[in-house]
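These notes concern the structure reproduced below.
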Amino acid sequence: MAEKVERRLFLTGASGLLGRSIHRTFREAGWTVLGLSFSRTGPDLQKLDLTDFGAVVTAITKFKPTLIIHSAAQRFPDKVSSDPDGARRINVDATFNLAETADKYDIPLLYISTDYVFDGRNPPFKIEDKPHPLNDYGKLKLEGEEIVMAASKENIILRVPVLYGPVEKLSESAVTCLLEPLLNVAKPTKVSDYEKRCPSHVDDIAEICLNLAVFRFEHKDLDVCGIFQWCGSEILTKYQMVQVMGEVFSLPHVHISKAPDPSNGTAQSVSRPYDTQMDRTRLESKGIGRHTPFASGIKSALAAWVS
């Protein structure tokens, strides 16, 4: 009987919203996981500055991973625009360090990217469609994609949409932060009903990452490389997300109204794509993919925040 090979995951951004779910999902599947973080290091995590090339090399060679998942990023477009140098260090420089080291030691790298590499003008976007990001966040993530694929064609890119799940603070997700104006009934608030999004629960994305790893290592699927895409099955605006939250938690939402349509010339702090729905065919053809209905997903994610 063949000896079972130990699978070892080197995970960046392990303290983040998606990283926590990936960390848990792989450990429950029997992987040995080294979770890396920088600003929010916990008891099960190791602190590492991903822009310190020497430290990255040392950590990888010491741990000897069979897979690297790079989920660390500055993923808030407004923060990217306000600190472009800092965003470049984590979204581009750190990606370069990891990709170069992974290639040197022949370790597959799975890079978490974004639907913001597209301009939102002609969805659903296919893998072969040419990216055209509208803001600095999308541009930096696209640059990261190019670095990862230039390092090795055996690497994997997974483009994902706006994510939500159990949060440590409501502002951790562009979805869960919508609960704050909903709870503040004394303050009338306008929320965008323009941009269309396909939110995904982080547990769905973590399972996709695990399944890609299973296909790559257990099924010896040589096609598990290059670009994959996933997004939720429901197309919702932020205003519609708030409506769902109000309904599942039986909260009043008459104080929430629709913000002016930016297509009519209303100024935005950062340009955002209109509709970022992505084609999921490549994953679905392998039987990979799961969608948690938004109503049930947001209810479980935010139940602790609604008294």
Side-chain angles (χ1 to χ4, degrees), residues 17-18 21 75-78 114-125 134-135 137-138 159-167 169-205 229-280 289-307:
L17 179 63
L18 176 58
S21 185
R75 55 189 174 80
F76 292 100
D78 292 311
T114 173
D115 53 358
Y116 270 41
V117 298
F118 296 115
D119 58 18
R121 291 170 185 152
N122 191 29
F125 293 95
L134 297 181
N135 56 42
Y137 167 63
R159 292 172 178 157
V160 301
V162 63
L163 302 177
Y164 71 97
V167 291
K169 53 184 179 179
L170 292 177
S171 60
E172 196 173 13
S173 162
V175 175
T176 58
C177 69
L178 297 171
L179 181 64
E180 292 185 280
L182 183 62
L183 291 174
N184 190 359
V185 295
K187 182 181 178 181
T189 304
K190 295 183 183 296
V191 176
S192 175
D193 192 40
Y194 177 70
E195 297 94 345
K196 296 181 178 181
R197 296 293 178 259
C198 302
S200 287
H201 195 289
V202 288
D203 289 352
D204 296 343
I205 303 302
Q229 299 181 153
W230 187 260
C231 63
S233 303
E234 298 161 271
I235 302 175
L236 301 165
T237 65
K238 287 186 176 182
Y239 178 77
Q240 290 170 330
M241 293 180 207
V242 171
Q243 301 299 300
V244 174
M245 291 180 194
E247 291 166 6
V248 298
F249 291 117
S250 300
L251 294 171
H253 43 86
V254 293
H255 63 293
I256 305 293
S257 59
K258 299 178 182 180
D261 185 341
S263 66
N264 295 329
T266 306
Q268 285 183 300
S269 56
V270 173
S271 295
R272 287 170 166 79
Y274 169 63
D275 185 345
T276 56
Q277 182 183 8
M278 295 181 292
D279 179 81
R280 311 182 304 189
R290 182 183 77 180
H291 171 69
T292 298
F294 184 72
S296 59
I298 202 66
K299 185 174 183 178
S300 63
L302 293 180
W305 297 88
V306 181
S307 57

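Side chains are part of it too, since the values below use all heavy atoms of this structure and drop only hydrogens, waters and symmetry mates.
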All salt bridge (Lys or Arg N to Asp or Glu O under 4.0 Å) counterparts of [X], not counting sequence neighbours:
X    : result
D204 : R290
D203 : R24
R159 : E145
E234 : none

Hey, is the main chain of L170 close enough, under 3.5 Å, to the side chain of T176 for a donor-acceptor pair? yes
Applying side chain to side chain donor-acceptor pair (under 3.5 Å), can you list everything that pairs with [X], at least two apart in sequence or on another chain?
X    : answer
T276 : D115
K258 : D193
T189 : none

Could you measure the distance from the [atom1] atom of [X] to the [atom2] atom of [Y]? Nearest 0.5 Å is fine.
X    : Y    : atom1 : atom2 : answer
E172 : L18  : CD    : CG    : 10.5 Å
S200 : W230 : OG    : CH2   : 7.5 Å
K190 : S192 : NZ    : OG    : 12.0 Å
R272 : L134 : CZ    : CG    : 11.0 Å
C231 : D279 : SG    : CG    : 8.5 Å
L302 : S173 : CG    : OG    : 8.5 Å

Closest heavy-atom pair and its distance - [X], [Y]:
X    : Y    : value
G232 : P161 : N-CG, 4.2 Å
K196 : I235 : CB-CG2, 3.6 Å
N135 : S271 : ND2-O, 2.8 Å

Report yes if some heavy atom in the side chain of [X] is under 4.5 Å from a heavy atom in the side chain of [Y]; otherwise report no.
X    : Y    : value
P293 : H201 : no
L183 : W305 : no
T237 : E195 : no
I256 : P181 : yes
K238 : L178 : yes
R75  : L17  : yes

* To do: Kindly write out the residues that satisfy ring pair (Phe, Tyr, Trp, His ring centres under 6.0 Å) with F76, not counting sequence neighbours, or none if the list is empty.
  =>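 For F76, no residue satisfies ring pair (Phe, Tyr, Trp, His ring centres under 6.0 Å) once neighbours in sequence are set aside.
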| request: Measure from the ring center of F294 to the ring center of Y164 and say whether it is less than 6.0 Å. | output: yes
Using distance only, find each side-chain donor-acceptor pair of residues 241-253 under 3.5 Å and give its atom names and separation, not counting sequence neighbours.
| residue | atom | partner | partner atom | Å |
| --- | --- | --- | --- | --- |
| Q243 | OE1 | H253 | ND1 | 3.2 |

Expected list for residues 116-124: side-chain donor-acceptor pairs under 3.5 angstrom, two or more places apart:
| residue | atom | partner | partner atom | Å |
| --- | --- | --- | --- | --- |
| Y116 | OH | R197 | NH2 | 3.2 |
| D119 | OD1 | R121 | N | 3.0 |
| D119 | OD2 | H132 | ND1 | 3.1 |

Those residues at least two apart in sequence (or on a different chain) that pass side chain to side chain contact (heavy atoms under 4.5 Å, CB included) with S233 are R280, H291
- Do any pairs count as a side chain to side chain donor-acceptor pair (under 3.5 Å) and have a residue in residues 177-187, sequence neighbours left out, and if so which ones?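 For residues 177-187: none.
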